Number of protein chains: 2
Amino acid sequence: MSIRLVIADDQALVRGALAALLGLEPDIEVVAELGDGTGVAAAVVEHSADVAMLDVEMPGLDGISAAAAVRRAAPSCSVLMVTTFGRPGYLKRAMLAGASGFVVKDTPARQLAEAVRKVHQGLRVVDPALAAESLTAGDSPLTDREAEVLKAASDGGTVANIAKAAMLSEGTVRNYLSAAMAKTGGRTRAEAVRIAQDNGWLL
Amino acid sequence: MSIRLVIADDQALVRGALAALLGLEPDIEVVAELGDGTGVAAAVVEHSADVAMLDVEMPGLDGISAAAAVRRAAPSCSVLMVTTFGRPGYLKRAMLAGASGFVVKDTPARQLAEAVRKVHQGLRVVDPALAAESLTAGDSPLTDREAEVLKAASDGGTVANIAKAAMLSEGTVRNYLSAAMAKTGGRTRAEAVRIAQDNGWLL
DNA sequence: CACCGGTCATGACATTTGTCATCCCGCATT
DNA sequence: AATGCGGGATGACAAATGTCATGACCGGTG
């Protein structure tokens, strides 16, 4: 019996190519393709899928949240995360959300079908390079509010704007940004944002 | 006789899927796959390719420069740009560099092969939505140095660092950043960076 | 030639950031 | 009850940033 697969990726080209490629495998059947994360859990249930392949970066519901939703709605369905950027923080968060596998889009295409089969068998699949990086990188040092403020700062607004958006006093915002800069090692707010993003500490 | 195609994209997964997908077409033959832009022109010449499909964002040589290199080395080879982000500025720059087509990765997979055929016939293929956006967005208002300094600022360094990197005085850097902020409409340097990037004015 | 725009630079200035010390509160651990 | 930690806030101060006027040089263009 073939593996029933749901694919979610916001880039139609990638999604289509992936579906075509994996659909060629005799033991894999692509039962649904989604362009965002919102409908994934429902689609998994509707088609009684065995494996869900999710991109981390998606409009609507992000891949991590979507993974959690899938696990809640259909515990028998394994989740394989596929991502463009090898952000160490994503790996850990995806695992905590119940994902069984995590591969970057740099993976040779042939290994993909194999990864799908492995997670379906209940095995865990993790990109080795990324796993190593994840260990050295460690957890996010940021508290929830620090991450929140830093994320609010990520599109370049002023302290006043961030304060308004986060319902905080300007001084408090500066304190959080200062703390975030100290913890990330960045010298400016913008640098801190970049570092945190590269490590997958925001979202 | 089949169309000889060279594919360059930094994501192995995408590249492989694209190659597999297009290779299935009876009239298309994928003769080379590259992971960066540096070897594209050489590969085109070596395999006497008819069409080169290039990603804009690539390590090493970016897609725009690679397109120009291909046109120089092999004027008979058409270039089709494929990009993740629909940055209006990219479109214009790609066209100026000699590209015949420009599609985003949101394009339905089936239209891709058709796009390859069209550029091979000498036709131009442009994503309609992007073309419209490109018209309203207009050209980059930034001068070369302004863009250069803004780009140097894009990873969050201080004025002092940017000045050192660009071999300019700190005051000059501040002037350029100020001008860039005025032209982009951003209130802070970080916002100006974001706006310029979204419009494809950097690179 | 005179003019303009882009490049590079100074200096002065107002504003915004970043840093720090110091509070208060609530909550969990001990 | 005491301690520690995170959230939230204030105020003061130093450093960085953004703004503006001004001037010089150069290359193209009317």
Side-chain angles (χ1 to χ4, degrees), chain A residues 89 92-93 96 138-203, chain B residues 89 92-93 96 138-203:
Chain A
K92 169 156 262 170
R93 300 246 293 287
L96 289 177
D139 281 11
S140 169
L142 304 173
T143 69
D144 285 354
R145 292 300 173 286
E146 282 164 1
E148 188 184 332
V149 170
L150 199 55
K151 185 168 152 51
S154 64
D155 43 9
T158 64
V159 171
N161 287 335
I162 301 168
K164 220 173 298 172
M167 299 278 291
L168 290 172
S169 118
E170 297 195 10
T172 305
V173 170
R174 287 214 293 263
N175 284 339
Y176 282 144
L177 287 177
S178 191
M181 284 159 51
K183 289 178 178 176
T184 55
R187 311 197 159 280
T188 68
R189 155 193 337 197
E191 202 175 348
V193 165
R194 226 180 41 68
I195 293 171
Q197 278 177 340
D198 284 354
N199 284 303
W201 293 338
L202 301 184
L203 227 197
Chain B
K92 170 156 263 171
R93 300 245 293 287
L96 288 177
D139 281 10
S140 170
L142 304 173
T143 69
D144 286 353
R145 292 300 173 282
E146 281 164 0
E148 188 183 332
V149 170
L150 198 55
K151 184 168 152 49
S154 64
D155 43 10
T158 64
V159 172
N161 287 335
I162 301 168
K164 221 173 298 172
M167 299 278 291
L168 290 172
S169 114
E170 297 195 11
T172 306
V173 170
R174 288 213 292 260
N175 284 339
Y176 282 144
L177 286 177
S178 191
M181 284 159 51
K183 289 178 179 176
T184 55
R187 311 198 159 279
T188 68
R189 149 194 342 196
E191 201 174 351
V193 166
R194 225 183 40 69
I195 293 171
Q197 278 177 342
D198 284 353
N199 284 304
W201 292 339
L202 301 184
L203 229 193

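The chains referred to below are lettered A, B, ... by the order of the sequence lines, with proteins before strands, and numbering in each begins at 1. These numbers were taken from a predicted model, which means no experiment stands behind them.
Using a 4.5 Å cut-off on side-chain heavy atoms (C-beta onward), B:T158 and B:I162 make no contact. Two residues are said to be in side-chain contact when any heavy atoms from C-beta on lie closer than 4.5 Å; A:W201 and A:L150 fail this criterion. Using a 4.5 Å heavy-atom threshold, the side chains of A:T143 and A:K183 count as touching.
Between the A:N161 side chain and the A:G157 main chain, no donor and acceptor come within less than 3.5 Å of each other. Side-chain N or O atoms of A:T172 include none that pairs as donor or acceptor with a backbone N or O of A:L168 at under 3.5 Å.
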Classify every nucleotide of nucleotides 12-26 of chain D by which part a protein heavy atom approaches to under 4.0 Å, writing B for the base, S for the sugar-phosphate alone and - for neither, in 5'-to-3' order. B----BBBB------
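For B:S178, there are no side chain to side chain donor-acceptor pair (under 3.5 Å) partners, not counting sequence neighbours. Taking B:S154 as the reference, nothing meets the side chain to side chain donor-acceptor pair (under 3.5 Å) condition, with sequence neighbours excluded.
Rounded to whole Å, the distance from CD on B:E170 to P on C:dC8 is 16 Å.
The line from NZ of B:K151 to CD of B:Q197 is 8.5 Å long, rounded to the nearest 0.5 Å. Distance check: B:Y176 OH to B:D144 CG gives 10.0 Å after rounding to the nearest 0.5 Å.
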Only distances under 3.5 Å count here; give the side-chain donor-acceptor pairs of residues 187-194 of chain B to other protein atoms, sequence neighbours excluded, each with its distance to 0.1 Å.
| unit_1 | atom_1 | unit_2 | atom_2 | d |
| --- | --- | --- | --- | --- |
| B:T188 | OG1 | A:G156 | O | 2.6 |
| B:T188 | OG1 | B:A190 | N | 3.4 |
| B:T188 | OG1 | B:E191 | N | 3.2 |
| B:E191 | OE1 | B:R187 | N | 3.2 |
| B:R194 | NE | A:D155 | O | 3.1 |
| B:R194 | NH1 | B:D198 | OD2 | 3.1 |

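Between its two ends, the helix from C:dC1-D:dG30 to C:dT30-D:dA1 turns its axis by 30°, counting five pairs per end and rounding to 10 degrees.
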Pairs under 3.5 Å (N/O, protein and nucleotides 4-7 of chain C):
| unit_1 | atom_1 | unit_2 | atom_2 | d |
| --- | --- | --- | --- | --- |
| C:dT7 | OP2 | B:T143 | OG1 | 2.6 |

